[in-house]
Chemist: 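Got a structure for you, written out below as structure tokens; questions coming shortly.
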Amino acid sequence: MMRNVTVATTQMACGWDIQQNIATATDLVTKAANAGANIILLQELFETPYFCQVHDFDYFTLATSVEDNAAINHFKQLAKELKVVLPISFYEKSGNTFFNSVTVIDADGEILGTYRKTHIPDGIPYAEKFYFTPGDTGFKVWQTKYAKIGVGICWDQWFPECARSMALMDAEILFYPTAIGDEPTLDIDSKGHWQRCMQGHAAANLMPVVAANRIGTETISQNGNDSTMQFYGGSFITDGRGEIIQEASKDKEEILSTTFDLDQLAIERQQWGVFRDRRPSMYGMLLTHG
């Protein structure tokens with residue numbers, strides 16, 4: 001038996017013209033779908049530049065409900081037209097609370113549900129705790145037309161618990177929309193570390209990982225002070241053993257795609273026995289030590 005699915009990841013630069021960002025994303029999705037992709041990943045918060053570089057109450061006005069979000073409503077129609085699955089990242093307003101969220105749209109254009117980012121970073125220039133409440137949905141997995149998928153969001157990708165939780169919920173492929181670039185406070189290049197964390201999730205859970213990042217230089221102003229970030233692209237796809245089999249450049253708009261046999265991947269997970277040999281009762285002892 002073979003149950004093939006073709007996944008694609010993308011990367012693009014973002015400006016303050018929201019409709020232009022949606023148009024660019026639409027072009028990438030359409031090209032990927034025309035090339036045979038079934039599930040297509042766009043980067044984190046692609047409707048705007050990464051405003052989280054600074055603390056500014058004005059940016060709260062960018063948040064919308066799921067129902068009112070321009071990108072979600074647009075991509076519902078496109079997903080139906082192209083018969084593709086689209087996880088759409090957006091800034092969510094729910095009542096008086098704000099979340100960094102992903103809504104998953106199935107290939108018929110229907111919304112399967114929304115995941116709210118669990119782990120929220122706080123640092124320069126990733127000042128997300130100012131804008132986002134830690135997610136209250138728990139980790140989620142969706143049965144789409146083509147595969148059962150799990151989706152984490154950016155900082156989630158540094159936590160093995162997130163990936164393992166989705167794997168235990170029977171995910172077959174893990175997706176991570178991202179916005180990450182230079183680290184002026186730490187004075188390091190985090191790209192390799194960023195990739196290796198997710199490669200480890202793929203290897204430990206024996207399932208492919210698909211990551212999308214943004215490109216370009218973005219400057220956010222606040223009261224006359226500017227914060228500038230250079231995003232390093234590097235969107236990639238791993239196989240079920242953690243090897244990167246497709247990787248994008250640091251600075252070019254790109255689409256990557258790969259086809260996986262989900263039945264063969266399931267056989268390999270059974271053969272390795274990592275889920276059989278787990279010892280949850282032993283891991284629980286760690287909870288008493290924080």
Chemist: Just to verify, what does Phe275 make a ring pair (Phe, Tyr, Trp, His ring centres under 6.0 Å) with, not counting sequence neighbours?
Modeler: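 Phe275 satisfies ring pair (Phe, Tyr, Trp, His ring centres under 6.0 Å) with no residue once adjacent residues are dropped.
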Chemist: Determine whether a donor-acceptor pair (N or O, by modelled atom type, separation under 3.5 Å) exists between the side chain of Thr10 and the backbone of Leu41.
Modeler: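 Answer holds: yes.
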Chemist: Is it the case that more than 12 heavy atoms not belonging to Lys191 sit under 6.0 Å from its NZ atom?
Modeler: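 More than 12 within 6.0 Å, yes.
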Chemist: Within the supplied structure, the quantity of interest is the number of heavy atoms (other residues, nucleotides, ligands) at a distance under 6.0 Å from Arg164 CZ; does it exceed 12?
Modeler: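 Yes, because the 6.0 Å sphere around CZ of Arg164 holds more than 12 heavy atoms from other groups.
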Chemist: Nearest 0.5 Å, please: how far is CD in Glu47 from CD in Glu44?
Modeler: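 Rounded to the nearest 0.5 Å, the CD-CD separation comes out at 12.0 Å.
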Chemist: To the nearest 0.5 Å, tell me how far Ser227 OG sits from Ile124 CD1.
Modeler: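 That separation rounds to 8.0 Å.
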Chemist: Start with the C-alpha gap between Arg3 and Glu172, add the side-chain angles, then the distance that decides, and say whether side chain to side chain contact (heavy atoms under 4.5 Å, CB included) holds.
Modeler: CA-CA 12 Å; Arg3 188 161 57 94; Glu172 295 173 300; 2.4 Å; yes
Chemist: What about Trp194 and Phe236, are their ring centers closer than 6.0 Å?
Modeler: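 When the ring centroids of Trp194 and Phe236 are compared, they turn out to be within the sub-6.0 Å range.
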Chemist: Taking the side chain as every heavy atom from C-beta outward, state whether Leu42 and Gln11 have any atom pair closer than 4.5 Å.
Modeler: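 No, too far: nothing below the 4.5 Å cut-off.
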Chemist: I want to check something: taking the side chain as every heavy atom from C-beta on, are Pro177 and Val151 in contact at a cut-off of under 4.5 Å?
Modeler: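 Pro177 reaches Val151 side chain to side chain.
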Chemist: Is it true that atom CH2 of Trp158 has more than 12 heavy atoms of other residues, nucleotides or ligands lying nearer than 6.0 Å?
Modeler: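 Atom CH2 in Trp158 is packed in, count exceeds 12.
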Chemist: Checking Thr259 side chain against Thr6 main chain: does a donor-acceptor pair fall under 3.5 Å?
Modeler: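 Absent.
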Chemist: What's the spacing between Ile39 CD1 and Thr9 OG1 if we round to 0.5 Å?
Modeler: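 Answer for the CD1-OG1 pair, Ile39 versus Thr9, is 12.0 Å.
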Chemist: With a 6.0 Å cut-off (strictly less than), is the heavy-atom count around CD1 of Ile188, excluding the residue itself, greater than 12?
Modeler: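 Enclosed: over 12 neighbouring heavy atoms sit under 6.0 Å from CD1 of Ile188.
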Chemist: Out of curiosity, Ser190 OG to Gln195 CD, how far, rounded to the nearest 0.5 Å?
Modeler: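 Interatomic distance, Ser190 OG to Gln195 CD, rounded to 0.5 Å: 10.0 Å.
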Chemist: Mark yes or no for whether Gln246, through its side chain, and Leu256, through its backbone, hold a donor-acceptor pair below 3.5 Å.
Modeler: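 Side chain of Gln246 to backbone of Leu256: no pair is present.
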Chemist: Please check if the number of heavy atoms outside Asp277 that lie under 6.0 Å from its CG is greater than 12.
Modeler: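 Above 12, so yes.
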Chemist: Using the side-chain hydrogen bond (donor to acceptor under 3.5 Å, both in side chains) definition, which of the options Asp156, Thr103, Thr137 pairs with Tyr115?
Modeler: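 It is Asp156, the one option of Asp156, Thr103, Thr137 that forms the side-chain hydrogen bond (donor to acceptor under 3.5 Å, both in side chains) with Tyr115.
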Chemist: Output yes when a side-chain donor or acceptor of Asn213 lies under 3.5 Å from a complementary backbone atom of Ile180, and no otherwise.
Modeler: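 Yes, because the side chain of Asn213 sits within donor-acceptor range (under 3.5 Å) of the backbone of Ile180.
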Chemist: Looking only at atom types and distance, does a side-chain atom of Gln43 sit under 3.5 Å from a main-chain N or O of Met12, one as donor and one as acceptor?
Modeler: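 Yes, the answer is positive, given that a donor and an acceptor are paired below the 3.5 Å cut-off.
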Chemist: Under 3.5 Å, which donor-acceptor pairs do the side chains of residues 72-82 form with other protein atoms, sequence neighbours left out?
Modeler:
from, atom 1, to, atom 2, distance (Å)
Asn73, ND2, Glu67, O, 2.9
Asn73, ND2, Asn69, O, 3.1
His74, NE2, Thr26, OG1, 2.7

Chemist: What's the separation between atom CG in Leu28 and atom CD1 in Ile255, rounded to the nearest 0.5 Å?
Modeler: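 One finds 5.0 Å between CG of Leu28 and CD1 of Ile255.
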Chemist: I'd like to know if the side chain of Asn21 reaches the main chain of Gly15, judged simply by a donor and an acceptor atom lying under 3.5 Å from each other, with no hydrogens or angles considered.
Modeler: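 Answer holds: yes.
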Chemist: Please list all pairs meeting salt bridge (charged side-chain N to carboxylate O under 4.0 Å, His left out) that have one or both residues in residues 92-112, counting only residues at least two apart or in different chains.
Modeler: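 Residue pairs passing salt bridge (charged side-chain N to carboxylate O under 4.0 Å, His left out), neighbours aside: Glu92-Arg116.
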Chemist: Using atom types as modelled and distance alone, determine if a side-chain donor or acceptor of Thr144 lies under 3.5 Å from a backbone N or O of Ala147.
Modeler: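 Here the side-chain-to-backbone pair exists.
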Chemist: Ring centres under 6.0 Å, that's the criterion: do Phe132 and Tyr91 meet it?
Modeler: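 Aromatic pair counts; centres sit under 6.0 Å.
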Chemist: With Tyr131, which of Phe60, Phe98, Tyr50 fulfils ring-ring contact (aromatic ring centres under 6.0 Å, His included)?
Modeler: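 Of the listed options, the one satisfying the test is Phe60.
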Chemist: Around Lys129, counting heavy atoms of other residues, nucleotides and ligands shown, do more than 12 lie under 6.0 Å from its NZ?
Modeler: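 Atom NZ in Lys129 is crowded, with more than 12 foreign heavy atoms closer than 6.0 Å.
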Chemist: Hey, is the main chain of Glu218 close enough, under 3.5 Å, to the side chain of Gln53 for a donor-acceptor pair?
Modeler: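 Yes; judged by distance alone, with no hydrogens or angles, the pair exists.
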Chemist: Should the ring pair His201 and Tyr176 be called parallel, tilted or perpendicular, given that the plane angle runs from 0 to 90° and is split at 30 and 60?
Modeler: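 Correct class here is tilted.
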Chemist: Is the distance between the ring centroids of Phe90 and Phe46 less than 6.0 Å?
Modeler: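 Here the rings of Phe46 and Phe90 have centres that are no less than 6.0 Å from each other.
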Chemist: Working to the nearest 0.5 angstrom, can you tell me the gap between Gln264 CD and Arg269 CZ?
Modeler: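 That separation rounds to 10.5 Å.
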